[in-house]
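These notes are about the structure you will find just below.
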There are 2 protein chains.
Amino acid sequence: MRGVLGQEVVDYVRELILTGTLRSGEKIDQQALGEALEVSRSPIREALVVLSREGLVELIPRRGASVARLSPEDIIDHYALFGVVAGRAAALAAENLDADGIAELRAVHARFLEVGETVSEGADPEDASLVPALLQQLNHDFHRIINLSAPGRTRWLLRHLEHSVPTSYYEFANGWNRAAVDHHAAILAAIADGNPEGARGAMESHLLASGEAAVAELVTRGFFEAGAGPEEEAV
Amino acid sequence: MRGVLGQEVVDYVRELILTGTLRSGEKIDQQALGEALEVSRSPIREALVVLSREGLVELIPRRGASVARLSPEDIIDHYALFGVVAGRAAALAAENLDADGIAELRAVHARFLEVGETVSEGADPEDASLVPALLQQLNHDFHRIINLSAPGRTRWLLRHLEHSVPTSYYEFANGWNRAAVDHHAAILAAIADGNPEGARGAMESHLLASGEAAVAELVTRGFFEAGAGPEEEAV
DNA sequence: AGGGACTACTTTGAATACATTATTCATTCA
DNA sequence: TGAATGAATAATGTATTCAAAGTAGTCCCT
């Protein structure tokens, strides 16, 4: 993961796992992966170490790597943790965010609402394919502004939690997400009011709901269907 | 980090960093490290990836690894995060821990108190060197029993937070720690009472205090004294 | 004398090679 | 017939080699 190659491998394998192409428990062949990406095993191995620290891959000495067996409960739990940490950031934002930051937050939220309403009315069909990416970007900006109020270590952990597991990845894959906007509105209101506990609670609720949505999406992608892994239990 | 060598390297370098032998920002030479441990650079590189994901090492492409520049604020923040997550586990324990678990928790706490009082009275001077390790073990057991009530992902994150930065590592290095016992007593009482919010708050307070203690200990070890790193700022 | 460019050296990142361990499949014995 | 043992095969972990980027030191020019 030092140079560029390892990072590419990380992204590639993460995509394979999160899209359900590689299934839960499935073995990951280093040599096959290396041939597929036309790189040697050195960057492959470093990438697998990264993914194992993220919790997406299980590494067993002398037995190699396999896709981690994540249950729906694990995903829910992960989002709950994410909520607890992001809630801390939101509480700090309610205490510390200055007027400029709040204005910026309002602007992003307004744009978010605008794009969402437009698409829900069925307009702009010609560039409809761009909408999910745009919504995801605006969603990301919204959270980033809040998280900037938090100390460095909290931001560090939030970055890791965000990548460790399917998070906002899918939230807007299927278009407009009404619930997310309401949640964001509540978070924004609490922060603007300087209400730390309100912001914390709103953020936690938001991520709990996101977790349930993510599980639903992952189910449709066959994420939880176990592949033929070495740990596979016979029935 | 696949085989056993990588893990040894991780433990070795972590020790160097946490004891202050390697100082903040100092460059880590792969070849020198390999010669010191008599292993090749392959496991070294994988170990450095692990440590970079833990936040103890900073990895810059084509420039190699250096000890992460952690400030006292980072350590405090880290403990606050630890507290938030451990607080969640404690709240769940207050809801879910059965009678056996509570009894076990009481037993560990009683033993903890007993060992501590003994040593504070100056008794058992012949095996005094064993006391810190014993206290640390009992402290660990106490938290482990609580954490077992939490879902898998929460336990996973707690494990990582525990290793990522000097945590309970030093708490009992200097012998008896009166404050920790009072904290544990409060946590135990809240859990036994089935009081989730009380347990959460007690756990958070406990770790905030631990964070301050850890910073004090790290200061005496010269942890925050910057070494001659590549990013070193000229005054 | 100070600054910049060129060269030599060091160190990293990636690929290949080697050794050891797990897995598989066939054969044999109960 | 089934389980167990053993060799053959495949894959992992580690070491070594090779190429490219970075660093430092010197020399030259202004």
### Rounded interatomic separation in angstrom, taking CD1 from A/I44 and P from C/dA15
9 Å

### Query
In chain order, what residues pass the side-chain contact (heavy atoms from CB on, under 4.5 Å) check against B/E8, with sequence neighbours excluded?
B/V4, B/L5

### Summary
In whole angstroms, the gap separating C1' of D/dT12 from CD1 of A/I60 amounts to 13 Å

## Note on the structure
Applying side-chain contact (heavy atoms from CB on, under 4.5 Å) to A/L37 and not counting sequence neighbours gives A/V9, A/Y12, A/L33, A/V39

### Query
Which whole-number value in Å describes the distance from A/E38 CD to C/dA14 P?
15 Å

### Query
Roughly how many Å is it from CD in B/Q30 to P in D/dA15, rounded to a whole number?
14 Å

### Message
Could you work out, with side-chain contact (heavy atoms from CB on, under 4.5 Å) as the rule, every residue matching B/R144, not counting sequence neighbours?
### Response
B/H140, B/D141, B/L148

### Message
Is there a side-chain contact between A/K27 and the phosphate of C/dT23, meaning an N or O under 4.0 Å from OP1 or OP2?
### Response
no

#### Entry: Nearest-Å distance for atom pair CG/P, residues A/D29 and D/dA10
12 Å

### Query
Separation of B/I28 atom CD1 from C/dT11 atom P, in whole Å?
15 Å

### Query
When you measure from the side chain of A/L5, which nucleotide among D/dA15, C/dA14, C/dT12 comes out closest?
C/dA14

### Message
Please check: side-chain N/O of A/T154 versus main-chain N/O of A/A150, any donor-acceptor pairing under 3.5 Å?
### Response
no

### Query
Who are the side-chain contact (heavy atoms from CB on, under 4.5 Å) partners of A/E204, not counting sequence neighbours?
A/V84, A/R200

Kindly give the atom pairs (protein nitrogen or oxygen, nucleotide nitrogen or oxygen) under 3.5 Å for nucleotides 16-22 of chain C.
none

### Message
Strictly by salt bridge (Lys or Arg N to Asp or Glu O under 4.0 Å), give each pair with a member in residues 71-89 of chain A just once, sequence neighbours left out.
### Response
A/D77-B/R88, A/R88-B/D77

### Query
Rounded to the Å, how far apart are B/L59 CG and C/dT11 P?
17 Å

### Query
Between B/Q31 (CD) and C/dC9 (C1'), how many Å, whole number?
13 Å

